[in-house]
Amino acid sequence: MSYIVFLLKHLLDLPKTIWINFKVLGLKQALRLPILISRKVRVVEIYKHSIVLPDKVKTFSIKIGIEGSEGVAHEQKGCLVLGKNSKIVFNGKASLSKGILIRCSGKIVFGKNFYSNHNLSLICSQNISFGDDCVLGWNIHIRDCDGHPIYQNGVRTNYNESVNIGNHVWIGQDVKVLKGAKIPSDCVIAMNSCVTKKFDNTNIIIGGYPAKILKCDVTWEV
């Protein structure tokens, strides 16, 4: 019964869902409709095989612009801009809630059981990767680039740097993760923080602007 209710709730999302599955996936995978995308997500640019899924993927196991916690954030409009050389790799189930914004000309990898709340923004020119079991709060902004080149005495000073996020990481509300950042497994990022560098220790709380280690030897649960 709950599955039928879910289908009825997302009935108006089915035309865009069918379109995107057959647009980006091979026929065998597309027939399973593994991607459920909200009709409210604007797809500006996307190409065949720009989204890569596991071989044995189930129906609606990848949700894009669907649901999320209500009453926690002003919802931005969802948007996908996936350039010709971009790859979005899902290694398992993933839920990217309402307001998802992805601009990608590089590669983004999502581990198994990924969840993000409202208004996740991913700006990728090189590489952004998430491990398994990551949970992201609302209004998260992650980017591996600056957007524009900066020169000093005619020499460029800023370059793209990959962002690496480990397994079982919880990123709190309104966090920014900038190019070159590394967040190890089993870490927590405090709300309103800005992560600008690489951290090596697992099981830590990282917070501040810019972020630093606040506590060690911590664990967390969903």
Would you say [Y] ends up clustered with [X] if hydrophobic residues are merged whenever their side chains have heavy atoms under 4.5 Å apart, either directly or through other cluster members?
X: L101; Y: I165; result: no
X: L136; Y: F199; result: yes
X: V188; Y: Y115; result: yes
X: I142; Y: W138; result: no
X: L120; Y: W170; result: no

How would you list, by chain and number, every residue that makes a salt bridge (charged side-chain N to carboxylate O under 4.0 Å, His left out) with [X], sequence neighbours excluded?
X: R32; value: none
X: E45; value: none
X: D13; value: R39

**OP:** Step by step, work out the side-chain contact (heavy atoms from CB on, under 4.5 Å) result for L53 and L25.
**Re:** CA-CA 8 Å; L53 306 180; L25 304 175; 3.9 Å; yes
Original post:
Can you check side-chain contact (heavy atoms from CB on, under 4.5 Å) on N91 and V109, steps first, answer last?
Top reply: CA-CA 8 Å; N91 289 320; V109 178; 3.5 Å; yes
Is there a side-chain contact between [X] and [Y], using heavy atoms and a 4.5 Å cut-off?
X: L122; Y: I108; value: yes
X: L33; Y: L31; value: no
X: L82; Y: I51; value: yes
X: I35; Y: V24; value: yes

Donor-acceptor contact below 3.5 Å, side chain [X] vs main chain [Y]:
X: N164; Y: I183; value: no
X: T17; Y: I37; value: yes
X: Q29; Y: P54; value: yes
X: N167; Y: D132; value: yes

Sequence neighbours excluded, every pair satisfying salt bridge (Lys or Arg N to Asp or Glu O under 4.0 Å) that has a member inside [range]:
range: residues 77-104; value: E70-K98
range: residues 173-199; value: D146-K179, K182-D200
range: residues 46-62; value: none

Distance, nearest 0.5 Å, that separates [atom1] of [X] from [atom2] of [Y]:
X: N139; Y: N192; atom1: CG; atom2: CG; result: 9.5 Å
X: L96; Y: H118; atom1: CG; atom2: NE2; result: 12.5 Å
X: I171; Y: C134; atom1: CD1; atom2: SG; result: 7.0 Å
X: S95; Y: L36; atom1: OG; atom2: CG; result: 9.5 Å

Original post:
Looking just at side-chain N and O atoms, do Q152 and T157 make a donor-acceptor pair shorter than 3.5 Å?
Top reply: no
Residue pair [X] / [Y]: nearest heavy atoms and the distance that separates them:
X: S50; Y: I46; value: OG-CG1, 3.3 Å
X: I123; Y: I128; value: O-CD1, 3.7 Å
X: I88; Y: C104; value: CD1-SG, 3.9 Å
X: N158; Y: I150; value: OD1-N, 2.7 Å
X: V169; Y: G166; value: CG2-O, 3.6 Å
X: P34; Y: N21; value: CD-OD1, 3.0 Å

Original post:
What's in the same ILVMFWY side-chain cluster as L178, cut-off under 4.5 Å, chained through other members?
Top reply: none
Original post:
By the rule that ILVMFWY residues connect when side-chain heavy atoms come within less than 4.5 angstrom, directly or transitively, which residues belong alongside V81?
Top reply: V44
Original post:
Would S97 and N117 satisfy side-chain hydrogen bond (donor to acceptor under 3.5 Å, both in side chains), going step by step from the backbone distance to the final call?
Top reply: CA-CA 5 Å; S97 298; N117 217 323; 4.6 Å; no
Original post:
What pairs with S125 under side-chain contact (heavy atoms from CB on, under 4.5 Å), at least two apart in sequence or on another chain?
Top reply: S105, D144, C145, N160
Original post:
With sequence neighbours excluded, what pairs up with F90 under the ring pair (Phe, Tyr, Trp, His ring centres under 6.0 Å) test?
Top reply: F110
Original post:
In terms of heavy-atom contacts, does NZ of K107 have more than 12 from other residues, nucleotides or ligands at under 6.0 Å?
Top reply: no
Subject >> Listed once per pair and sorted, the ring pair (Phe, Tyr, Trp, His ring centres under 6.0 Å) pairs that draw on residues 7-47, sequence neighbours left out >> reply: F6-H10
Original post:
Can you check side-chain contact (heavy atoms from CB on, under 4.5 Å) on L80 and V41, steps first, answer last?
Top reply: CA-CA 7 Å; L80 298 182; V41 176; 4.0 Å; yes
Could you go through residues 201-222 and list every donor-acceptor pair under 3.5 Å that involves a side-chain atom there, pairing it with any protein atom two or more places apart or in another chain?
{"unit_1": "N203", "atom_1": "ND2", "unit_2": "V218", "atom_2": "O", "d": "3.0"}
{"unit_1": "W220", "atom_1": "NE1", "unit_2": "H168", "atom_2": "O", "d": "3.0"}
{"unit_1": "W220", "atom_1": "NE1", "unit_2": "H168", "atom_2": "ND1", "d": "3.4"}

